[in-house]
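All remarks here apply to the structure that follows.
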Amino acid sequence: MSDRRLRILNLTNAFPPGVIGRFPAVNPAGHATETRMAEALSRHAELRNVTLLGSEVFGALEPRDSSFGLESELVLWNRPPELWHRWRSWRQLQHDYRQTVSRSGPPDIVLVRNLNPVFNRFVRWLRSREPRPRIVLVFADSALLGQAMPPFRRFRHRFKPMQVPDSVAIAWYDGCISFGIGTEKFFTPLGIPWLWMPSAFNFSYEPPIEAPRTGPIDFGYFGALAAHASVVPMVGGFLDAAVPGRLFACGFGALSGELKALADRQTSFVFDGLLPRQSDCLGWAQKVDVLINPRLNIWGLENSFPSKIFEYAMTGRAILTTATGGVDRVLGDRAFYLDPQDFNTSLRTQLTRIAAMDREALRLRGQAIRAHILREYSWDAQAARILRFLESLKPALA
């Protein structure tokens, strides 16, 4: 790595400071990851942030509260009517880029968060510039790349403003930093350098020293309460297993009502709803012995990584999880694993096995996971890997 700090233009979707606290349902995990990653990069490079926000928060950025966020020099909007606002946003971004380059020269790198229509249009334009910076995709997720699209949906997709297939857009990049381990197969055939970087922990947390606990082993889940997270099958599998302990859950999503109704009927399942802050989940987890990540390999989830694994790790609790997205590569043999091909049977088997284990053995597993993540997966460690990757890219050709 050279001594000169890289100059990076970071195109992101993260909220400004003081906003996310009032919109807990709008991608809290993605916001935390984008914010922490940018903060870490800014400690080692010159970073300029431009953010693109959706209609959910338009006109509601004030008043600010104390929640964390990312300072950006330009805020763009992706809201109805899409044809107008997407075009207007990319033109604003183009104008801002030209002005910045005329004042202080071009950046070395443009980082682009996901395959967004506005950012895609800007990338296509930027590729025509001479000279131009290297353009690197920060690929957090895509439910479409590698997935067969029904004919009618494909037909409708063609008429969406500025929309192009993800399989086409990925060819416009000089490199890819991917959260999901399964995306390499899309980039290497195109000769695009690829780095697997499965995020890092977003909230520092020191578990309290607790008194010895007695009673049955308890399990927990925090995160998205949506179909793709397989929360309802997890709860059903837990109830069928009939282990002595309880299952606790909290989070936000469309299934909140269904889970609350289920908890009202079942004493062994406790639903605690939405906590005031995302970081509160780590303290909440101290009531359980084992955290469960039931994420299956569906709906393009192999293109992403379950970021809550890092928050699970920071709690110091044992973890029972599927290996989807490369989780087994991160946690190794410190965690317990579920078979996504036979989820129900493996869940029942593992719950029964873990419920019979000594609590101290589970505590030691949790501590080993936490120590490993603290050592290998801080954002400063990940930022250093990212910057080495960016430095290794050959200068992009005009």
When you look at Arg329 and Glu376, which way does the salt bridge (charged side-chain N to carboxylate O under 4.0 Å, His left out) test go after all the steps?
CA-CA 12 Å; Arg329 294 274 295 270; Glu376 303 293 338; over 6 Å; no

inquiry  = Could you go through Phe310 and Tyr377, starting from their C-alpha distance and side-chain angles, then the distance that decides it, and tell me whether this counts as ring-ring contact (aromatic ring centres under 6.0 Å, His included)?
reply    = CA-CA 8 Å; Phe310 294 104; Tyr377 290 96; 5.4 Å; yes

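Side-chain contact between Tyr97 and Phe122: present, with at least one pair of heavy atoms (C-beta onward) separated by less than 4.5 Å. Side chains of Cys281 and Glu311 form no contact here, defined as non-hydrogen atoms less than 4.5 Å apart.
Taking Ser268 as the reference, Phe238, Leu239 meet the side chain to side chain contact (heavy atoms under 4.5 Å, CB included) condition, with sequence neighbours excluded. Listed by chain and residue number, Asp339 satisfy the side chain to side chain contact (heavy atoms under 4.5 Å, CB included) test with Gln341 (two or more places apart in sequence, or in another chain).
Using a 4.0 Å cut-off between a side-chain N of Lys or Arg and a carboxylate O of Asp or Glu, Glu391 and Arg388 do not qualify as a salt bridge. Taking the charged nitrogens against the carboxylate oxygens, Glu130 and Arg132 have no contact shorter than 4.0 Å, which rules out a salt bridge. A salt bridge between Asp289 and Arg365 is absent, with no side-chain N of the basic residue lying under 4.0 Å from a carboxylate O of the acidic one.
The only option from Thr51, Leu52, Leu53 that meets the side chain to side chain contact (heavy atoms under 4.5 Å, CB included) definition with Ser72 turns out to be Thr51.
Less than 6.0 angstrom separates the ring centroid of His31 from the ring centroid of Phe68. Aromatic rings from Phe222 and Tyr312 are positioned such that their centres are separated by under 6.0 Å.
Side chains of Asp380 and Ser378: a donor-acceptor N/O pair is absent below 3.5 angstrom, by distance only. For Asn120 and Trp172, the side-chain atoms include no donor-acceptor pair closer than 3.5 Å. Using modelled atom types and a 3.5 Å distance limit, the side chains of Thr183 and Trp194 yield a donor-acceptor pair.
Under a 3.5 Å cut-off, the side chain of Glu34 and the backbone N or O of Asn13 do form a donor-acceptor pair.
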